[in-house]
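Worksheet: one structure, shown below.
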Amino acid sequence: MFCKNCGKEIDDNASVCIHCGVPVKHQTQQTAVTEPKTNGIAIAGLVLSILWGTSLIGLILSIVGFQKSKTEEYNGSGRSIALAGIIIGAIFVATTVIWFGTCGISCIKSCNDLMDEIEPVSALLQTIV
């Protein structure tokens, strides 16, 4: 190591510079503590899961965000947000499928009822023409 005062090389374990006599401050090695990355995909997944029209996309992004949270790079970041997005997205998607299924069945029934009412009128019109 080098003396911070005179710049000359000194022993790594020296407490005083042998050239200029200035006390040497040893730098303690600090381990770098890195914050885990923010899991933006998990956040986007939760937001899109809450919105009705984009809940399927949100569900998919939440699943991807949940998988990313398991990596060392993300170290659990966004895990609970992604899990909330998965749950909310699954509920919204299931509700949408059930709702459209119910509407589809009632729409078909209504169309059939309407056709039953139109047939006699259509037959009457054909006899007139």
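What's counted below: heavy atoms across the whole structure, side chains too, no hydrogens, waters or symmetry copies. Owing to the predicted nature of the structure, the values given are computational and were not obtained by experimental measurement.
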message: Before you tell me yes or no, could you show the steps for Ile86 and Leu59 under side chain to side chain contact (heavy atoms under 4.5 Å, CB included), namely the whole-Å CA-CA distance, both residues' side-chain angles and the distance that decides it to 0.1 Å?
response: CA-CA 5 Å; Ile86 291 169; Leu59 176 62; 4.2 Å; yes

query: Does Ser49 use its side chain to pair, donor to acceptor, with the backbone of Gly58 at less than 3.5 Å?
result: yes

Do [X] and [Y] have side chains that get closer than 4.5 Å, going by heavy atoms?
X     : Y     : value
Met1  : Val24 : yes
Lys37 : Lys68 : no
Leu46 : Ile88 : yes

query: Apart from Leu61 itself, what residues make up its hydrophobic cluster when side-chain heavy atoms of I, L, V, M, F, W and Y under 4.5 Å apart count as a link, directly or indirectly?
result: Ile41, Leu48, Leu51, Ile57, Val64

Approximate separation, where rounding is to 0.5 Å, of [X] [atom1] and [Y] [atom2]:
X     : Y     : atom1 : atom2 : value
Ser15 : Ile10 : OG    : CD1   : 9.0 Å
Asn39 : Gln67 : CG    : CD    : 11.0 Å
Ile91 : Ile50 : CD1   : CD1   : 11.5 Å
His19 : Lys8  : NE2   : NZ    : 6.0 Å

field: Thr95/Phe92 under side chain to side chain contact (heavy atoms under 4.5 Å, CB included): CA gap, chis, key distance, verdict
entry: CA-CA 5 Å; Thr95 304; Phe92 276 32; 5.5 Å; no

message: So which atom in Ala82 and which in Ala42 form the shortest heavy-atom distance, rounded to 0.1 Å?
response: CB-CB, 3.7 Å

- prompt: Any idea which heavy atoms bring Gly78 and Ser69 closest together, and the distance?
  reply: C-CB, 4.4 Å

- request: Tell me, please, which residues at least two apart from Glu9 pass side chain to side chain contact (heavy atoms under 4.5 Å, CB included).
  value: Phe2

For Asn5, all residues meeting side chain to side chain contact (heavy atoms under 4.5 Å, CB included), sequence neighbours excluded: Cys3, Cys20, Val22

